[in-house]
Amino acid sequence: MMMNKEAKEYRIGDIIKAEVRSGRYAAELLELDGPRALVKVLAVLEHPDQGDLHQPFNPDVAMFHERRALSYTEKTKVLLRDLEPFSGEVPDYTESLKAAVAQSIQSLDRLNRWTAKALESIRQLEKDYKL
């Protein structure tokens, strides 16, 4: 049994949520090792972000990272602070990956449409300001 600083208790075999490099997963807790835990991925709850995490939304970085979701049953070490209890039914991995990718596409499309409208508005204001 291990507790993180938020006083959540975890046991080997628990199904938890784990955040790994901006992705979120449903995973099985396999080992506790000091401040880290070894988990086995069961489903994708949120697909990892693309690009440079230190410069979000900047396309002009030296290396624009492509981040793949962790694979089904892939094992990875996670800091205990990046774990949360999971409740409910664990979704099928393939279906969860499909849903997470669709959610990312929808979110990026919405951001893209917002950017286009904001750019249109600021260009009109630039004309109104006679700049």
Side-chain angles (χ1 to χ4, degrees):
M1 169 168 37
M2 182 60 120
M3 297 173 75
N4 70 9
K5 63 185 173 184
E6 288 84 25
K8 294 176 186 143
E9 210 171 283
Y10 300 108
R11 290 187 170 86
I12 304 303
D14 283 353
I15 304 301
I16 46 86
K17 291 180 192 174
E19 186 168 330
V20 182
R21 291 180 294 283
S22 78
R24 292 177 50 85
Y25 303 89
E28 179 183 355
L29 182 59
L30 299 177
E31 291 178 15
L32 293 165
D33 183 22
R36 296 184 181 272
L38 180 67
V39 301
K40 178 172 69 173
V41 173
L42 302 175
V44 181
L45 303 176
E46 189 175 316
H47 196 278
D49 293 334
Q50 304 304 299
D52 186 337
L53 296 179
H54 302 290
Q55 298 181 63
F57 307 112
N58 183 357
D60 304 318
V61 292
M63 179 181 273
F64 193 92
H65 298 273
E66 175 188 88
R67 285 188 189 73
R68 298 173 88 60
L70 297 177
S71 302
Y72 180 63
T73 71
E74 183 172 346
K75 295 171 184 77
T76 189
K77 290 269 189 165
V78 180
L79 289 171
L80 290 177
R81 71 173 187 230
D82 295 333
L83 300 180
E84 293 178 32
F86 181 87
S87 60
E89 182 100 10
V90 176
D92 172 76
Y93 177 84
T94 302
E95 290 302 314
S96 71
L97 178 59
K98 183 189 283 187
V101 167
Q103 179 188 15
S104 288
I105 289 170
Q106 182 179 11
S107 178
L108 289 169
D109 179 62
R110 185 170 187 224
L111 179 61
N112 193 33
R113 290 183 289 119
W114 176 85
T115 301
K117 284 193 173 241
L119 188 57
E120 181 182 319
S121 292
I122 199 73
R123 284 192 171 138
Q124 183 58 50
L125 287 171
E126 182 181 38
K127 288 178 188 174
D128 291 352
Y129 297 150
K130 298 180 174 126
L131 299 176

Original post:
Is there side-chain contact between I122 and E126, with heavy atoms separated by less than 4.5 Å?
Top reply: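 I122 does not reach E126 side chain to side chain.
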Original post:
Quick one: does P56's side chain get under 4.5 Å of D49's, heavy atoms only?
Top reply: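 P56 vs D49: side chains apart.
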How long is the straight-line distance from [atom2] of [Y] back to [atom1] of [X], given to the nearest 0.5 Å?
X	Y	atom1	atom2	answer
L119	W114	CG	CH2	10.0 Å
L42	D92	CG	CG	11.0 Å
N112	I105	CG	CD1	12.5 Å

**OP:** In plain terms, say whether R11 and E9 are close enough for a salt bridge, that is, a side-chain N and a carboxylate O under 4.0 Å apart.
**Re:**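 Yes, charged N to carboxylate O under 4.0 Å.
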When you measure from the side chain of [X] to the backbone of [Y], do you find a donor-acceptor pair of N or O atoms at a distance under 3.5 Å?
X	Y	answer
S107	Q103	no
S96	Y93	yes
Q50	R67	yes

**OP:** Give a yes or no on whether Q106 atom CD has more than 12 heavy-atom contacts from other residues, nucleotides or ligands under 6.0 Å away.
**Re:**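 Check fails, neighbour count at 12 or below.
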Solution key, residues 73-80 side-chain donor-acceptor pairs under 3.5 Å, sequence neighbours excluded:
unit_1	atom_1	unit_2	atom_2	d
E74	OE1	S71	N	2.8
K77	NZ	D33	OD2	3.1

Original post:
Nearest heavy-atom pair of L70 and Y25: which atoms, and what distance?
Top reply: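 Smallest heavy-atom distance, with atoms named: N-OH, 3.0 Å.
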Original post:
Which pair of non-hydrogen atoms, one from Y10 and one from L83, has the smallest distance, and what is that distance?
Top reply: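 Taking Y10 first and L83 second, the nearest heavy atoms are OH-O, 3.1 Å.
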Original post:
Linking I/L/V/M/F/W/Y whenever any side-chain heavy atoms sit under 4.5 Å apart, do F57 and V61 land together?
Top reply: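 Shared cluster, no.
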